[in-house]
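Computed from a predicted structure; not experimentally measured. Chain A is the first sequence line, chain B the second, and so forth, proteins listed ahead of strands; every chain is numbered from 1.
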Amino acid sequence: ILNVEQSPQSLHVQEGDSTNFTCSFPSSNFYALHWYRWETAKSPEALFVMTLNGDEKKKGRISATLNTKEGYSYLYIKGSQPEDSATYLCAFWDTDKLIFGTGTRLQVFP
Amino acid sequence: NAGVMQNPRHLVRRRGQEARLRCSPMKGHSHVYWYRQLPEEGLKFMVYLQKENIIDESGMPKERFSAEFPKEGPSILRIQQVVRGDSAAYFCASSPTGQPQETQYFGPGTRLLVL
């Protein structure tokens, strides 16, 4: 059974703190890794699609890196804001579908 | 360009009834994926469909669940004889051509409650 692991499970930070979380996935048969942001009562919103080893992507204060050889990706948020509070999901492409991790739930306190 | 649409947003069924969940993909997208989120769990893949074809149903329970994506109209996830354990949020997502590097766009979900 293919495993996509995310850590930590949850994270509480103060406004202005920078934070990062990890997604671990199989290092063989890599095609793509997706990151999503999921706010309560909404639908998952795509952040990044990463395909190449060493990829770095950035969107505003959020960035992500990818290491396909060792099977991990980091998501960084610089200067967290309360509106960043959400669950961050990574998903590994397996054959013809996405396998999601269980997510990191981030709460940013003002 | 309308996003992925799902209806109904909320559905209440009694045990033994049928539930039909509909998903209209984004315009121009011919690949649809259904996911389920059970309480306190993450998103689990159920089934992947192209127009008129089921490509991968490895995540579908073997009994009572079926899915279709006809030539015309929305994709439908059908649950027959629902049980309490079917209570969950069901999300569909769509992409243009089903490639690994394509973003999958999610609908708002249908929250099914079985009494």
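Pairing each heavy atom of B:E102 with each of A:H34, the nearest pair is O-CE1, 3.0 Å. Between B:R111 and A:K42 the shortest heavy-atom distance is NH2-O, 4.4 Å. The two residues A:K97 and B:Y33 have their closest heavy-atom pair at CA-CE2, 4.4 Å. The minimum heavy-atom distance between A:S43 and B:P108, with the atom names listed, is CB-CA, 4.0 Å. Annotation for A:F100 and B:L43: closest pair CB-O, 3.6 Å, computed over non-hydrogen atoms.
Within a 6.0 Å sphere centred on CD of A:E83, other residues, nucleotides and ligands contribute more than 12 heavy atoms. Summarising the local packing, CD of A:Q9 is surrounded by 12 or fewer heavy atoms from other residues, nucleotides or ligands at distances under 6.0 Å. Heavy atoms of other residues, nucleotides or ligands lying less than 6.0 angstrom from CE of B:M5 number 12 at most.
With a 4.5 angstrom heavy-atom cutoff, B:Q37 touches chain A only via side-chain atoms. Looking at A:Y36, only its side chain comes within 4.5 Å of chain B, counting heavy atoms on both sides. Contacts of A:A41 with chain B are made by backbone atoms alone, with heavy-atom separations under 4.5 Å and no side-chain atom involved. Neither the backbone nor the side chain of B:E41 comes within contact range of chain A, judged by heavy atoms closer than 4.5 Å. Contacts between A:L98 and chain B at a heavy-atom distance below 4.5 Å involve backbone atoms as well as side-chain atoms.
Both A:I62 and A:F21 belong to a single network of hydrophobic side chains, linked directly or stepwise wherever heavy atoms of I, L, V, M, F, W or Y lie under 4.5 Å apart. By the rule that hydrophobic residues join a cluster once side-chain heavy atoms approach within less than 4.5 Å of another member, B:M60 and B:I79 end up as members of one cluster. When hydrophobic clusters are built by joining Ile, Leu, Val, Met, Phe, Trp and Tyr residues whose side-chain heavy atoms come closer than 4.5 Å, directly or via intermediates, A:F92 is not grouped with B:Y35. When hydrophobic clusters are built by joining Ile, Leu, Val, Met, Phe, Trp and Tyr residues whose side-chain heavy atoms come closer than 4.5 Å, directly or via intermediates, B:V4 is not grouped with B:W34. Note: the hydrophobic cluster containing A:Y31 also contains B:I55 (ILVMFWY, side chain heavy atoms under 4.5 Å, direct or indirect links).
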CA sep, side-chain torsions, deciding dist, call: A:T95, B:D56, side chain to side chain contact (heavy atoms under 4.5 Å, CB included) | CA-CA 10 Å; A:T95 309; B:D56 183 339; 5.6 Å; no

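Ranked by heavy-atom pairs under 4.5 Å with chain A, the list B:G42, B:S95, B:P100 is led by B:P100.
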